[in-house]
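Everything on this sheet refers to the single structure shown next.
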Amino acid sequence: MAWLSLRRVYNRLYKHYGPQHWWPADSPFEVMLGAILTQNTAWGNVERAIGNLRANHCLSPRAIVATPEKALAQWLKPSGYFNIKARRVRNFCQWYLEVGEFPGLSVLATDELRKQLLSVSGVGPETADDMLLYAFQRPVFVIDAYTRRIFSRLQLLEHDAGYETLRSQFEQALSADVTLFNEYHALIVQHAKVACKKRPVCQACCLARHCPFSFQPAC
DNA sequence: TACCAGGAGAAAA
DNA sequence: TTTTCTCATGGT
């Protein structure tokens, strides 16, 4: 994958959409909580769920662990998959408290931290990388469904390649820059949302006529 | 009405 | 080991 192509795509996205100011949260813990709640879920619904937690004074790891799973699930209902997410959020908070919360975790090397995050049931590769990039400020590129769709349409990567393969390709092609990775992933999500807005069932982002600006494979 | 959304884990093949 | 199924509310 060519560095120039990735930089050009980024430059066009940034020029078109501007800075995205991600992640929308008040603390690193809230970033991590949101990363779990947004799994296969629109962010607006996650905000409702987080609002419920805040209204019930349950926006801390200790409060979440102290809350029965059933009650937690009711507050998380707007984010969908509420039973599963209640269990995942509690699993994560229990682990988070055991390992010493944010200050303790911050001293770990990125690879070790990623390994530990992935050991928590309910935290998969994308969720762990969201946490590493947006909560821990580590230069890790997040690969999501939008990234696969857009960059495979641009013929810059293979749609069916494994998560680690794609992440490695992006990280090797770009400089290890937290600000760049932060903005790039946010811009991809923003672009996919806008490009898909006119046609909810969008299978051809970036090469379709309704795309706000057409990337071409050779641009 | 039907489809999709900032995935992950369990079960089946 | 790889593929398929399940989880679920809210917006369009």
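The analysis underlying the following values was restricted to heavy atoms, covering all of them including side chains, and did not include hydrogens, waters or symmetry mates. Chain letters run A, B, ... following the sequence lines, proteins first and then strands; every chain starts at 1.
A sub-4.0 Å separation between OP1 or OP2 of B:dA5 and a side-chain N or O of A:R149 is present.
You'll find the ring centres of A:F170 and A:F181 outside the 6.0 Å limit. Side-chain rings of A:W43 and A:W23 approach one another, their centers coming within less than 6.0 Å. In this structure, A:Y17 has its ring center under 6.0 Å from that of A:H191.
One finds no salt bridge joining A:R148 and A:D160 here, because no Lys/Arg side-chain nitrogen approaches an Asp/Glu carboxylate oxygen to under 4.0 Å. Using a cutoff of 4.0 Å between basic side-chain nitrogens and carboxylate oxygens, A:R54 and A:D26 are scored as salt-bridged. The pair A:E126-A:R114 does not count as a salt bridge, with every side-chain nitrogen at least 4.0 angstrom from each carboxylate oxygen.
Nucleotide B:dA10 holds its C1' atom 15 Å from the CD atom of A:Q39, rounded to whole Å.
Taking the C1' atoms as reference points, C:dT3 lies 22 Å from B:dA5, given to the whole Å. Here, B:dT1 and C:dA8 have their P atoms 23 Å apart, quoted to the whole Å.
Remark: nothing in residues 122-137 of chain A comes within less than 4.0 Å of DNA chain C through any heavy atom.
Of all heavy-atom pairs spanning A:L13 and A:L187, the tightest one is O-CD2, 3.8 Å.
In this structure, the nucleotide among C:dG11, B:dA5, B:dG7 sitting nearest to the side chain of A:A145 is B:dG7.
If A:V189 and A:V120 are placed on DNA chain B by their nearest nucleotide, the residue sitting closer to the 5' end is A:V189.
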Listing time: all N or O pairs from protein to nucleotides 6-8 of chain C that are below 3.5 Å?
| from | atom 1 | to | atom 2 | distance (Å) |
| --- | --- | --- | --- | --- |
| C:dA8 | OP1 | A:Y81 | O | 3.3 |
| C:dA8 | OP1 | A:F82 | N | 3.3 |
| C:dA8 | OP1 | A:N83 | N | 2.7 |
| C:dA8 | OP1 | A:I84 | N | 3.1 |
| C:dA8 | OP2 | A:N83 | ND2 | 3.1 |
| C:dA8 | O4' | A:Y81 | N | 3.0 |
| C:dA8 | N6 | A:Y81 | OH | 2.2 |
| C:dA8 | N1 | A:Y81 | OH | 2.7 |

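Across A:I36, A:L37, A:N83, A:N45, a single residue satisfies side-chain contact (heavy atoms from CB on, under 4.5 Å) together with A:L76, and that is A:L37.
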